[in-house]
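Working notes, structure below.
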Amino acid sequence: MSESAVTSCPFSGTREYPIKRSNPLDPAPELAEMRAAEPFAKVRLWTGQDAWLVTRYDDVRKLLTDPRVSADNTLPNFPGATPGMLAVRTKYPSFITMDVPEHTQFRRMLTGEFAVKKIEALKPRIQQVVDERIDAILAKGPPSDIVRDLTLALPITMICDLLGVPYEDQDFFHAKADLITDSRTPPDVSSKAIQELCDVYIAGLIERKNLSPTDDLLSRLVVNQLRPGHLTPIQLIGIARLLLIAGHDTSAHTMSLGILALLENPEQKQALIDDPTLINSTVEEILRYVDVTHNGRRRIATADIEIGGHVIRKGEGIIAHNAAANRDADAFPDADKFRIQRDARHHIAFGYGIHQCLGQPLARAELQILIGTLFRRIPSLALAAPISSLEFKETSFVYGVERIPVTWES
């Protein structure tokens, strides 16, 4: 892009980031304008740092696979998302913020735990949890809060089962996850939450697994990786923290927003009820349309990179905005429309490249079973309050909705 073109751009200059939404189910409208007029834009973060915001689908995918782009959040000027996530980066590093070959080594320890065959074996348990929850909702009768009564409960139950974490501890670790991922949380409060979650709770779990291993993922990591010295205790705490938070938070909010999208588009809801075989494409469209990692994948350049007529300099932060990319009409025609019949499988809601989400087979299975069963068993489900009255998690690293009051014909 020429200097004159940059000067004439309506978005020239550095703007504050993140940018507030005007519609709870859509990314901020300015993102679409930037994607068209300034797909590489400088933004200023809450830390006072500047970073490149990238909004086009092709550019986001190129950068997420470029070996000159690092996920190492300990590098100077890395664009941190929240005080809590900055605080945790040095004490309990996670493999999602490592580069190859270290990333490959850590990821390989977990690949088999989320293999498709293993997730297939979990489907009867997922179905059982969903059926029990919907039985309870129907027995109680309308109204219901679908977040509290269903969408939060399923992924928490499944991640507790997988990791061998007591389900009765869910309120504790869910509350700590909320504090760590919220940009409004003061640094001292974030640090305290991290200490209570990691130093006390997870460290205690690992100690108990070491003394008495059971048939769960955390015990297998203790026996197969910690004891032989392939992992240090700190590294294992970092892995457990990531799985515990990411394993329930992103799935729960995707389910909630997906249900909301279907209720706000009744013709699409009816199409799914009329043809249940649409469930797989419905889930892919939900993932594309609501993409809960709404503030982008954070990276940093380790060398100068020429891309799209721009040069990203070594040491400059990058935000690859997957939610904006998923609304790029060049990749998804009529991208702002929620259409469950479209083929949206090439969305990047799970990321792209080597850091693509390890738990996506589990997330997909949970979404397909929960969404499909809910609208099969309660086809008259409807919002009991206008969407404008609902509270959304704008300031969290993982976007979501606090509650969804629903009603139905009983």
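The structure displayed is predicted, hence computed values, not measured ones.
- Of the charged side-chain nitrogens involved, at least one lies within less than 4.0 Å of a carboxylate oxygen, so that Arg125 and Asp161 count as a salt-bridged pair.
- In the displayed structure, Glu168 atom CD is contacted under 6.0 Å by more than 12 heavy atoms of other residues, nucleotides or ligands.
- A cation-pi arrangement is not found for Arg107 relative to Phe95, the charged atom failing to lie both closer than 6.0 Å to the ring centre and inside a 45° cone about the ring normal.
- The environment of Glu207 atom CD is sparse: at most 12 non-hydrogen atoms of other residues, nucleotides or ligands sit within 6.0 angstrom.
- Judged purely by distance below 3.5 Å, without hydrogens or angles, the side chains of Thr185 and Ser190 never pair a donor atom with an acceptor atom.
- Aromatic rings from His294 and Phe397 are positioned such that their centres are separated by 6.0 Å or more.
- Arg44 meets the side chain to side chain donor-acceptor pair (under 3.5 Å) test with Asp50; sequence neighbours excluded.
- Shown are Arg342, Arg364, Arg345; of these, the side-chain hydrogen bond (donor to acceptor under 3.5 Å, both in side chains) with Glu284 is made only by Arg364.
- Every residue two or more places apart in sequence or in another chain was checked for a side chain to side chain donor-acceptor pair (under 3.5 Å) with Thr302, and none qualifies.
- Other residues, nucleotides and ligands contribute over 12 non-hydrogen atoms within 6.0 Å of the NZ atom of Lys118.
- Other residues, nucleotides and ligands contribute over 12 non-hydrogen atoms within 6.0 Å of the CG atom of Asp343.
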**Item:** Derivation of the side chain to side chain donor-acceptor pair (under 3.5 Å) call for Ser191 and Asp188
**Value:** CA-CA 5 Å; Ser191 295; Asp188 58 329; over 6 Å; no
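- A donor-acceptor contact under 3.5 angstrom links the side chains of Ser70 and Asp99, judged on distance only.
- Between Asp58 and Arg56 no salt bridge is recorded (no basic side-chain N to carboxylate O distance below 4.0 Å).
- Under a 4.0 Å N-O distance rule, the pair Glu285/Arg288 qualifies as a salt bridge.
- At a threshold of 4.0 Å, the pair Arg313-Asp304 counts as salt-bridged, since one of the basic side-chain nitrogens sits closer than that to a carboxylate oxygen.
- Comment: Glu196 engages Lys176 in a salt bridge, judged by a side-chain N to carboxylate O separation of less than 4.0 angstrom.
- Of the charged side-chain nitrogens involved, at least one lies within less than 4.0 Å of a carboxylate oxygen, so that Asp178 and Lys393 count as a salt-bridged pair.
- The only option from Asp291, Asp336, Asp334 that meets the salt bridge (charged side-chain N to carboxylate O under 4.0 Å, His left out) definition with Arg327 turns out to be Asp336.
- Outside the 6.0 Å centre-distance limit, the rings of His347 and Tyr289 are not counted as a close aromatic pair.
- Between Ile300 and Asn73 there is no side-chain heavy-atom pair separated by less than 4.5 Å.
- With hydrogens and angles left out, the side-chain atoms of Glu316 and Asn77 include no donor and acceptor closer than 3.5 Å.
- Every side chain to side chain donor-acceptor pair (under 3.5 Å) that Asp275 has, sequence neighbours left out, goes to Thr277.
- For Arg108, the salt bridge (Lys or Arg N to Asp or Glu O under 4.0 Å) criterion is met by no residue, not counting sequence neighbours.
- Under the 3.5 Å distance criterion, with hydrogens and angles disregarded, no donor-acceptor pair is assigned to the side chains of Arg339 and Asn265.
- Applying the side chain to side chain donor-acceptor pair (under 3.5 Å) test to Arg148 and every residue at least two apart in sequence or in another chain returns nothing.
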**Message:** Applying side-chain contact (heavy atoms from CB on, under 4.5 Å) to Leu243 and Phe114, what does each step give before you reach the verdict?
**Reply:** CA-CA 11 Å; Leu243 295 176; Phe114 295 95; 4.1 Å; yes
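- When only modelled atom types and interatomic distance are considered, Thr373 and Gln127 share a side-chain donor-acceptor pair under 3.5 Å.
- The existence of a salt bridge linking Lys140 and Asp135 is excluded, since no basic side-chain nitrogen approaches an acidic carboxylate oxygen closer than 4.0 Å.
- Qualifying side-chain contact (heavy atoms from CB on, under 4.5 Å) partners for Val100, counting only residues two or more places apart in sequence or in other chains: Thr104, Ile354.
- Side-chain contact, Asp169 with Tyr201: a donor N or O sits under 3.5 Å from an acceptor N or O.
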